[in-house]
Amino acid sequence: MEGKSLKLGNLKIYNESFSLSNHVWKIINQHNYLIKQTIGPQFIRSVDSISANIAEGFGRSTKKEKIRFYIYARGSVYESLDWLEKCYRRDIINKSDYVKMYLSLMSLPIRLNAIIRTTKQLKY
């Protein structure tokens, strides 16, 4: 019997944050030039950074490096929440998308904190 190895694609938090970033991309891509050139790139960059930092932390070899990138991902969550709020108040995102994305983003810091705690406890 082969041993199971942990794969990035098996991490639920990674998959959910990756999916969220694609959802933001689709919403911003439907808007006019002004939105695509101002708030759009900022929001896309911050939300893309969540899954990218989770992936980078996952690929690092030391606990300290892993934790650093998980902390960066957590910071990107809060930046994304700020951009989400701006998009909602400026009528760029409808209420349904806002609520869905808000709930998704709000669940991530708690889960990232759990990954950070677990990583700190690793023995290697």
Side-chain angles (χ1 to χ4, degrees):
M1 183 167 129
E2 283 187 41
K4 285 188 175 180
S5 63
L6 186 58
K7 294 184 177 144
L8 181 61
N10 293 339
L11 289 179
K12 189 175 178 183
I13 190 170
Y14 170 77
N15 291 326
E16 288 175 10
S17 60
F18 187 86
S19 178
L20 177 64
S21 68
N22 289 328
H23 186 65
V24 169
W25 175 269
K26 287 177 186 173
I27 289 171
I28 296 299
N29 204 32
Q30 296 171 3
H31 284 281
N32 65 37
Y33 179 81
L34 177 64
I35 292 166
K36 285 181 183 179
Q37 295 303 312
T38 56
I39 197 168
Q42 295 286 344
F43 192 15
I44 290 167
R45 186 197 53 76
S46 69
V47 77
D48 279 352
S49 185
I50 300 167
S51 62
N53 279 303
I54 292 169
E56 188 155 1
F58 182 86
R60 294 296 175 142
S61 54
T62 68
K63 290 193 292 187
K64 187 175 181 179
E65 287 180 308
K66 289 176 179 295
I67 290 167
R68 179 175 354 127
F69 284 96
Y70 298 148
I71 290 170
Y72 292 159
R74 190 176 59 201
S76 293
V77 169
Y78 288 107
E79 182 182 358
S80 296
L81 281 163
D82 179 72
W83 288 115
L84 175 64
E85 193 65 35
K86 288 173 182 165
C87 285
Y88 179 63
R89 291 181 187 220
R90 296 173 187 176
D91 296 320
I92 296 167
I93 292 178
N94 66 42
K95 187 171 186 170
S96 174
D97 281 328
Y98 169 80
V99 169
K100 179 181 173 184
M101 286 188 273
Y102 178 83
L103 293 173
S104 178
L105 286 166
M106 288 303 291
S107 76
L108 294 175
I110 296 164
R111 294 161 59 200
L112 283 163
N113 288 340
I115 289 173
I116 291 166
R117 275 191 309 275
T118 300
T119 302
K120 285 179 180 178
Q121 296 170 355
L122 290 175
K123 306 271 191 250
Y124 63 94

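When atom types are taken as modelled, the side chain of T118 and the backbone of A114 share a donor-acceptor pair closer than 3.5 angstrom. In this structure, N53 contributes its side chain and S49 its backbone to a donor-acceptor pair below 3.5 Å. Side-chain atoms of N15 do not come within 3.5 Å of backbone N or O of N10 as any donor-acceptor pair.
Between Q30 and K26, the closest heavy-atom pair is CG-O, 3.2 Å. Residues G57 and Y70 approach most closely at C-OH, 3.6 Å, considering heavy atoms. Nearest heavy-atom pair, F58 versus L11, reported as atom, atom and distance to 0.1 Å: CD1-CD1, 3.6 Å.
With contacts defined as side-chain heavy-atom distances shorter than 4.5 Å, the pair I50/S21 does not qualify. Looking only at side-chain heavy atoms (C-beta outward), L122 and T119 come within less than 4.5 Å of each other. Between I116 and R74 the shortest side-chain heavy-atom distance falls below 4.5 Å.
Shown here are the side-chain hydrogen bond (donor to acceptor under 3.5 Å, both in side chains) partners of S80, two or more places apart in sequence or in another chain: S46. Residues meeting the side-chain hydrogen bond (donor to acceptor under 3.5 Å, both in side chains) test with T62, sequence neighbours left out: E65. For F69, the ring-ring contact (aromatic ring centres under 6.0 Å, His included) criterion is met by Y72, not counting sequence neighbours. Under the rule for a side-chain hydrogen bond (donor to acceptor under 3.5 Å, both in side chains), the partners of D82 that lie at least two apart in sequence or sit in another chain are K86.
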What do the steps show when you test Y88 against L84 for side-chain contact (heavy atoms from CB on, under 4.5 Å), and what is the final call?
-> CA-CA 6 Å; Y88 179 63; L84 175 64; 5.6 Å; no
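Rounding to the nearest 0.5 Å places CD1 of I28 at 6.0 Å from CD1 of I92. Taking CG of L8 as the reference point, atom OG of S51 lies at 8.5 Å (rounded to 0.5 Å). Rounding to the nearest 0.5 angstrom, the gap separating the CD1 atom in I27 from the CD1 atom in I93 is 5.0 Å. Taking NZ from K120 and NZ from K66, the interatomic distance works out to 15.0 Å, rounded to the nearest 0.5 Å. Rounded to the nearest 0.5 Å, atoms NZ (K36) and CD1 (I44) are 9.5 Å apart. Q37 contributes atom CD, which lies 10.0 Å from atom CG of N32 (distance to the nearest 0.5 angstrom).
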Which donor-acceptor pairs under 3.5 Å do side chains of residues 100-107 form with protein atoms, sequence neighbours excluded?
residue, atom, partner, partner atom, Å
S107, OG, S104, O, 2.8
S107, OG, R111, NH1, 3.3

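Within 6.0 Å of atom OH in Y14, more than 12 heavy atoms from other residues, nucleotides or ligands are found, so the atom counts as buried in its surroundings.
Other cluster members for L34: none, since no ILVMFWY side-chain heavy atom sits under 4.5 Å from it.
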